Amino acid sequence: MEPGTQEWLDQVVEAPLDTTREIVDPHHHLWPPDGPLPYGVDALVADTAAGHRIVATVFIECHAGYRTDGPDHLRPVGETEFVAAAADDLSRRFPDAAPISAIVAHADLTHDRLDEVLDAHEAAAGGRFRGSATPSLGRSSRTPT
């Protein structure tokens with residue numbers, strides 16, 4: 001069974017417990033269509049409309065869509081650009097679907113140009129940037145708003 005196929009996805013079917021409760025999906029990823037496990041706007045909308053009352057989502061960095069050129073410390077900003085474009089696409093094509101309302105991006109919190117990286121994420125995110133998740137440090141670089 002190939003990951004990402006409908007057969008693979010159908011292995012787990014989760015029945016909603018309370019369809020009246022508003023839920024913010026606090027952790028999802030998006031993957032480019034040419035990646036090993038493509039998961040884009042159409043799949044996200046199908047999942048968030050599958051029975052639970054999802055009213056918004058939060059994208060958490062997953063090292064997808066990085067820039068392939070430019071300074072190394074700014075390459076993760078490509079993921080933020082990719083997700084912001086996907087969020088705009090989702091809002092345009094599916095105006096009644098749960099929006100991608102927040103982006104938690106990757107930044108090396110020890111880098112001497114951290115402010116430049118965070119500012120670049122903020123500029124790229126279309127108002128959705130909320131901070132950085134850095135697994136090795138296990139903390140956020142900015143307080144969520």
Side-chain angles (χ1 to χ4, degrees), residues 1-14 16 21-145:
M1 183 176 338
E2 192 69 28
T5 64
Q6 194 59 50
E7 180 185 22
W8 182 77
L9 293 170
D10 289 342
Q11 292 180 98
V12 176
V13 176
E14 186 178 88
R21 181 180 303 259
E22 291 185 348
I23 299 170
V24 173
D25 179 343
H27 185 139
H28 75 82
H29 303 298
L30 294 175
W31 301 93
D34 58 348
L37 184 60
Y39 185 84
V41 167
D42 293 331
L44 178 63
V45 169
D47 284 346
T48 59
H52 296 285
R53 190 170 174 204
I54 309 297
V55 297
T57 72
V58 178
F59 173 86
I60 305 295
E61 60 90 12
C62 60
H63 299 258
Y66 276 28
R67 293 176 179 168
T68 57
D69 56 11
D72 285 345
H73 68 288
L74 293 176
R75 289 188 179 192
V77 177
E79 181 172 54
T80 299
E81 294 164 336
F82 163 67
V83 175
D88 290 343
D89 178 48
L90 187 156
S91 294
R92 184 178 58 258
R93 291 194 299 129
F94 304 99
D96 296 329
I100 300 171
S101 61
I103 297 172
V104 177
H106 176 78
D108 178 351
L109 302 181
T110 65
H111 199 282
D112 60 350
R113 295 174 80 174
L114 176 61
D115 284 343
E116 179 184 357
V117 175
L118 296 176
D119 289 345
H121 280 302
E122 198 159 336
R128 299 175 191 93
F129 180 65
R130 297 295 181 268
S132 174
T134 304
S136 60
L137 297 176
R139 61 189 170 103
S140 175
S141 63
R142 290 192 178 174
T143 303
T145 55

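Nothing here was measured: the structure is a model prediction, and the numbers come from that model. The basis for the numbers below is simple: all heavy atoms, side chains too, and nothing from hydrogens, waters or symmetry mates. All residue numbers refer to positions in the sequence shown, counting from 1.
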side-chain contact (heavy atoms from CB on, under 4.5 Å) filter on Glu7, not counting sequence neighbours, yields Met1, Thr5
For residues 38-50, the side chain to side chain donor-acceptor pair (under 3.5 Å) pairs (sequence neighbours left out) are Tyr39-Asp47, Asp42-Arg93
Taking all non-hydrogen atoms of both residues, which atom of Ala98 and which atom of Val55 are closest, and how far apart?
CB-C, 3.7 Å
Which atom pairs, one a donor and one an acceptor, fall under 3.5 Å between side chains of residues 70-77 and the rest of the protein, sequence neighbours left out?
from, atom 1, to, atom 2, distance (Å)
His73, NE2, Glu116, OE1, 3.2
Arg75, NE, Gly70, O, 3.2
Arg75, NH2, Gly70, O, 3.3

Closest non-hydrogen atom pair between Tyr66 and Glu61, with its separation
OH-OE1, 4.5 Å
Quick check: does any side chain N or O of His29 sit under 3.5 Å from a backbone N or O of Ile60, one acting as donor and the other as acceptor?
yes
Under 3.5 Å, side chain of Glu79 to main-chain N/O of Gly65, donor-acceptor pair present?
no
Taking atom OG of Ser132 and atom CG of Leu118, what is their separation to the nearest 0.5 Å?
6.5 Å
Could you give all pairs that pass the salt bridge (charged side-chain N to carboxylate O under 4.0 Å, His left out) test and reach residues 48-59, with sequence neighbours left out?
Glu22-Arg53
Kindly write out the residues that satisfy side-chain hydrogen bond (donor to acceptor under 3.5 Å, both in side chains) with Gln11, not counting sequence neighbours, or none if the list is empty.
none
About how many Å separate CD1 of Ile100 and NE2 of His28, when rounded to the nearest 0.5 Å?
4.5 Å
Closest non-hydrogen contact found for Leu109 with Leu114 is O-CD2, 3.7 Å
How far does CD of Glu122 sit from CZ of Arg130, to the nearest 0.5 angstrom?
9.0 Å
With ring-ring contact (aromatic ring centres under 6.0 Å, His included) as the rule and sequence neighbours excluded, what pairs involving residues 75-97 come up?
none
Can you tell me how far the SG atom of Cys62 sits from the CG atom of Leu30, to the nearest 0.5 Å?
7.0 Å
State which residues pass side-chain hydrogen bond (donor to acceptor under 3.5 Å, both in side chains) with Arg92; sequence neighbours excluded, sorted by chain then number.
Asp89
Quick one: CZ on Arg128 to CD1 on Ile103, what's the gap to the nearest 0.5 Å?
6.0 Å
Mind checking what makes side-chain hydrogen bond (donor to acceptor under 3.5 Å, both in side chains) contact with Asp96, not counting sequence neighbours?
none
Got a sec, which residues hit side-chain hydrogen bond (donor to acceptor under 3.5 Å, both in side chains) with Glu14, two or more places apart in sequence or on another chain?
His52
Where Val117 and Ala107 come nearest, the two heavy atoms and their spacing
CG1-CB, 3.8 Å
For a quick test of reading the model, state the closest non-hydrogen atom pair linking His27 to Asp25 and the distance between them.
N-OD1, 3.1 Å
Distance, nearest 0.5 Å, that separates CZ of Arg67 from OG1 of Thr80
9.0 Å
